[in-house]
Amino acid sequence: MSPILEAREVTKRYRLGAGDVEAVRGVSLAVEPGELVAFMGPSGSGKSTLLHLLGGLDQPTSGDVVLDGALISRLSDDAATKLRREKTGFVFQFFNLLPLLSVWENVALPFTIAGEDARHGDQAAAIRAALASVDLAGKERNRPDQLSAGEQQRVALARALVRRPALLLADEPTGNLDFATGTEILDRLWRSCHEGGQTVVLVTHDAKAAAYADRVFVLHDGSIRDEIQLGRREDHGAAPLIARLASLGL
Amino acid sequence: MRALNALARRTLVARPLRSVLTIVGIALGVGVLVAALVLNAGLDAAAEQSAHDQLGRADLRVAAFLESGLSPASVTAMTTTPGVAVVAPELDQRTYPAPNPLAGSGLPVPVTVVGVDPEPDAALHDRPLAGGSPLPADGGNVALVSDALARANGLVVGGTITLNGSAESGPRTFRVSGILAPVPDDPDPAGRSIVVPLQAAQALFSTDAVDLVDLGLARGTSVTSVTAELERRLSVEPYTLTTPDELVARLRAATADFRITIALVAALALFGGAFLIFNTLAMTVAERARDVGLLRAAGMTRRQVTLLVLISAVHLGVAGVALGLAAGVGLAAAVTALGSPGGGALALRELVIPPGGLVLGALLGFGVTVAAALEPALRAARISPVEALTARLDQTTVLRARIRWLSLVFAVVGVAGIALWPSTASGSTGILRPLGVFALMLGVALASPFLVGPLGALVGAVTRPFLPTEERLNRSALTRDRSRTALTVGGLAVALAVLVALGGVAATTRQAAIAWLTDVVPGDALLTAVRPDALDEPQLADLAAGPGVARLSPIGMFAVAVGGLRLDAAAVVGADLLADGRLPLAAGDRATALPALDAGGSVILPASISDRLGIPLGGLLQVLAGRQTVALRVVGIASRTIPGTSGESVLVGWSDATQRLGALGAQYFAVRYVPGQAAAAAAALEPLARADALELAPLQAVEGSIGASVDRLFALLTALALVALIVAGLGIVNTLSMNVLERVRELGFLRAAGLTRRQARRLVMLEAAVLGAVGAIIGVVAGVVAGVILAALGPGIGVAYDPGWWTIALALVGGVGLAVVASAWPAHLAARIEMVRALAHE
Ligand SMILES: Nc1ncnc2c1ncn2[C@@H]1O[C@H](COP(=O)(O)OP(=O)(O)O)[C@@H](O)[C@H]1O
Ligand SMILES: [Mg+2]
C-alpha cells in the first residue's frame, strides 16, 4: 500500500534578522493509511512547523511533501487549499473556533467553505453525528465563549471530523486542557483512527498523549532523532514509551 | 456565496459600533455629494426658469446699453425688420410712491415701475393676476401692482397709488386694475413692482425712450438672420442682444464658482468616507487575522477570503449609499427650503432631483467603498495561515494601512468626479482651482505619515509637564501603526483644511467686497438714490449746506463700451478724493491724476482692467459714446476701485461722464461731516435726505450689509465642510478604538501594575488630543495654502489674502476638541478592560 503522507528531505528555513533559523532540517518520513503517528519533542524542536508543512499550510524551503499521491508542496496556493479542504482536518491548541459563530456553524464551516448547504440533508446529518460523537449534542446553539475549554476543543475536533477527511492533523490538541478533558480528546482521535480508519498525525510534548500512537517520531532541533514503534494497543499505557525514551536518554 | 455572505454579515454585526460608524461615514460622504448634485440641478433649473420668467416667449431681447435707453427710432427700426413678428418695448424705472399712510414715518420704500405696451407684451409675457383685470389695450393711468406691494401699501383693485415722477411731470396717480400673483423673478428686488402702460410710464418719467425691447420672431425665421439685420439697422444707440439660451448660460456661469466649490467639498467629504471604510475593513481584517488563518487552514481559498472582505464592504456600501441618498436629498431639500444661499443668481426655486445625479452619487459612493475595501481584502487573502495561528502573531504587522492605495482611490475619485460632474458653463480656470486644491489635499494625505512622527513628538513635549505618566506611556501609541495614524490625522487635516480655506476665502471675499468703500469713498456716510440724481437738482445744494456737512461728493455709476466690451464706469470728483487722501494709486501720481479727472479727457483704471485690456499708464482708453469714440488718457492705475455690476469700474471725471459719455446723474453721495459734529449732522441730514428720496447710511452699515451677504453664501459651504469634519471625527473614534483593542493586553498589564481606570481613560484621551493637535496643525497650514490657491486663481480682487484668523483659531481648538470628544468611547473601553481576561488571553 502506498503511504498517504510522505515527507522527502523536507527543510524549512526562517529568515530572521541576524541569521537564518532552520526549524525543520531534512526530514523524511512516510505515514501509512490508518496509522496514528505522533511527533514528540521539546518546545521549539520544530513539531508545529513540520505539521504545517505536512498539512500544506506552509511550503518547505526545500524537499517535498506528498499528500495522497499529490505533491502538495509544489501546488499553487489555490490547489493546495482545495486539496487540504478535501483530505485534511486540523485541530490546534488555541484559536480553534470562530467566536462569532455558534457551535453548529463552527462545525459546519468545512461544508460552508466548500459552498455546500449544511442546513439539510447529508451534511446536516454529518454535523449532528460529529457533534454526537464528541458528546456535544444539545449545545448546537451555544457560542464558543459559553463553553468550557474542553468542550471548545471537542467542537474543534468535531469540525475536523465532520467531512471524514482521510488525514487528521492535531497540534497539541490537549496542551491547553486538564488531564481528564485531554483524555476525552485523545480517546476520540484514537477511535476515528481505529474504528473510522482515518489517519492521524498528532503533535505533542506529552508522553501520555504520544502513547496513543502506533509510532512516535522524536524531534530534536528540527530533525528526527528517533522513531519508536509502539504498535496498535487498546490500553494506551504510557509506560512502554517512557521506558523507550529513557533508554534513549530523553 | 450565500455562506460567505452570512459570515460577512456576522462579522459586521459583531462590531455594531464600528459598522455603524462606517455606514454613517459613507452616508455622509454620499449625502454631501448627492446634495451637491441636487443643488446643482436645482440651480440649473432655476437658471432656466429665471430666463423664462425674464424673457417669456421672446426669442430675442434688445436692451439699451446706455442709461438714456433706446429711442423711438430704434423701436421703429425693429418693427420694420423682416422676420420680427412681435415688438414689445419696456421701460423699467425705480421711483417712490407718495407717502404711504400705512407705513408710518419710516423711510419711503422704492418701487420699480415697469411700462409695457399691453398688447405685444401679452403675446410674449405671462403676468398672472391674483385678482382684478389686466391692463386695458388703450392705456391710461392704470396699474397692476405686485402682491407684495399691494399687501405693504394696503392696495386693492379699484384703489389708487400715487407715484413720484420726474421734476417736470411731478407725482401722478394710477388706478389699480389688478393685483399680480407673486413670481420668483420680480423685476423689483423687494418684489415691489408695478406694471403700467408704456405711455403712462414715459409720461411719468418725461422720456420717449425705452430700456429694452423683447422680440417675437415670425415662424421659420432664424435668430441669426434677424440679429444680422438688426445689427445693420440699429445704429442710433448702443445696445445688447440676448437670446434665451445665452441668458441661461449667463445665469449658470454666474453660479459656476459656487458649484465648483460645492463639488470640491463633496469630493473631500467622500474621500473622508473612503478613508473610514478603508480603516474599518483593515481593522476588522487585522482583528480577525486568526479567524482568517483558521478558515484558510480549513480550506478557504485566497479568493474566498478576498470575497469575504469585499462582501462586507458591499454590505456597508449598500447601507451607506442608501442612507446617503436619503440624507443628500434631505440636505438639499433643507437648503432649498431655506431659500437662496447667496441671493441673486444663486436663488434656488424648487427641489429638482436629477435621476442621473442619484445614480452618479450611488455609483461613486459604492465605487469608492469597494475600491477602498480592495486593499484590505487582498491583504486578508495574503495572511499566512501558519503565522495567523501561532501565538507569536503580532496583529499590527498583519495589516498595515496602505496610504498609497488610498491616495490612488483619492486620485481616481477626483478624476472620475471631474469627468462625470455635470458640466457648468465655466472657463478653464474654473477647473484649475479645484484641481489645485484636490492635489494639495492628496499631498497632505501622502505627507502625513512623515509629519505624524515629528509633530507628535512636538505636541507630546508640550503635554509632558502636565501629564508626565500618561505622556510617557503614550509615546509609542501614535507610531503603533504609523499608516493608520497618518490616515486618521490625514482625514482630520483635510476636513479642517477645507474649513480653514473656506474661512480664509470668505474673509478675503468679505474684505474685497468692502475694502473699496474706505479706499474710494471720500466721506463718513453714503447717501443712496434710487434713480440717478442730476447734479444740478436744487435739493442737493440744500443737503450740502446742511449743518455739520463739510462736503457732498457725487458718485455716478454707468456703463461704457470699450472695444465691444461693456465696462462699468464711475463718475467721481477727483478733488474730493485728493482732499480726503482716498484712492491710493499703484501707478501714476495722485496729485496730478485726480485733478486731471476733473479737468476731463482722463481716466483712472483699476489694475484688473489695465491688465485685461493691456493698457498701461499713459495709454489711451477708446470709449464708444453714441456714434463717436472718445479717447481718454490713463493718468493712474488703482489697485482697487468701485465694484460695478460685472467688475471694477473705470473712474472718470463728472464733465466727461455727463457731457461725453451719457451718464445721467449720481446714485451715491459721499458725505463728509465736519469733524466732531458727525452725530448731530447725521440727525439733521436724515429727514432732509428722506424728503429727497435719498437713503442715508453710515459707511460701517454699508460694510455690514455687504459683509452679511458674503457670509450667507459661505455659510452653506461651511455647513457642508462641517459634515466632512464629522466624518473625520468618526475616523478618530474608529482608530482610537482599534488602538485600545490592540493594546488590551498591554493595558491589562498596566492596570495590574497599578494604573487606575482614570489613568487608563486619560491615556486614550491624551492620545486623541495629540492626534487632534497634529491634524489641526497640518490642516491649518494646508487650509491656508488651499485658500490662497482658491483666492489667487479667482478674479483679481486686489486685496491681500486674509487667512481668517478666527477660523484658524476655531480649527485648532475644534480639531483637538473633536478628537477628545471622539475619544470618549474608546477611553471608556480602555477603562473597562478586565485585567484577568486581558492577561489570560492566550
Ligand atoms: N515564523 C517564524 N519565524 C521565525 N522563526 C520561527 C517561525 N516559526 C517557527 N520558528 C522557529 O522555528 C523553531 C521551531 O518552531 P515550532 O515549529 O513552533 O516548534 P514547536 O512546535 O516544536 O514548539 C523555533 O526555534 C521557532 O522559534
Ligand atoms: Mg508548537
Side-chain angles (χ1 to χ4, degrees), chain A residues 12 14 23 48-49 51-53 55-59 76-102 105-119 143-145 149 156 159-160 162-163 165 169 171-172 175-176, chain B residues 1-16 18-19 284-285 287-308 311-312 378 380-395 397-398 741 744 834 837 840-842:
Chain A
K12 179 69 184 181
Y14 287 113
S48 297
T49 307
L51 191 78
H52 295 153
L53 295 171
L57 281 186
D58 209 351
Q59 307 268 17
S76 73
D77 186 86
D78 261 15
T81 302
K82 296 223 168 84
L83 193 64
R84 190 161 72 227
R85 188 193 284 172
E86 246 167 60
K87 300 275 161 76
T88 71
F90 274 94
V91 183
F92 304 101
Q93 183 178 0
F94 303 114
F95 331 121
N96 252 321
L97 304 178
L98 292 197
L100 289 179
L101 302 185
S102 68
E105 289 165 321
N106 263 292
V107 176
L109 265 179
F111 294 123
T112 312
I113 290 173
E116 294 168 31
D117 186 354
R119 285 170 303 180
R143 287 297 176 103
D145 58 8
R159 189 191 56 222
V162 73
R163 277 180 66 127
L169 300 144
D171 189 353
E172 312 250 15
N176 212 19
Chain B
M1 191 70 179
R2 188 186 316 134
L4 284 181
N5 203 28
L7 196 56
R9 188 148 4 112
R10 293 292 265 284
T11 318
L12 296 177
V13 171
R15 290 255 172 255
R18 186 187 300 166
S19 300
T284 307
V285 169
E287 209 178 50
R288 303 238 169 274
R290 288 197 204 292
D291 296 355
V292 172
L294 190 68
L295 291 168
R296 294 274 290 126
M300 195 177 255
T301 60
R302 290 189 194 283
R303 189 166 321 142
Q304 282 176 307
V305 171
T306 306
L307 218 55
L308 185 66
I311 290 172
S312 304
L378 292 173
R382 256 175 273 141
I383 290 177
S384 136
V386 176
E387 265 175 44
L389 291 170
T390 36
R392 211 181 288 107
L393 175 75
D394 175 8
Q395 299 207 348
T397 62
V398 173
L741 292 176
V744 163
E834 286 177 44
R837 292 246 326 242
H841 196 61
E842 295 187 0

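Computation of the quantities below employed the complete heavy-atom set of this structure, encompassing side-chain atoms and omitting hydrogens, waters and symmetry-equivalent molecules. Every chain is numbered from 1, with letters handed out A, B, ... down the list of sequences.
Side chain of Lys87(A) to main chain of Pro165(A): no donor-acceptor pair is present (N/O by atom type, distance under 3.5 Å, no hydrogens or angles). No donor-acceptor pair closer than 3.5 Å links the side chain of Arg9(B) to the backbone N or O of Ile311(B).
Residue with the most contacts toward chain B among Lys82(A), Glu86(A), Glu105(A): Glu105(A) (heavy-atom pairs, distance under 4.5 Å). Ranked by heavy-atom pairs under 4.5 Å with chain B, the first of Asp117(A), Asp77(A), Leu101(A) is Asp77(A). The residue among Glu116(A), Arg163(A), Arg159(A) with the most heavy atom pairs within less than 4.5 Å of chain B is Arg159(A).
Of the atoms belonging to Leu295(B), heavy atoms from both backbone and side chain fall under 4.5 Å from chain A.
In this structure Ser19(B) satisfies the side chain to side chain donor-acceptor pair (under 3.5 Å) test with no other residue, sequence neighbours excluded. Qualifying side chain to side chain contact (heavy atoms under 4.5 Å, CB included) partners for Ala149(A), counting only residues two or more places apart in sequence or in other chains: Leu177(A).
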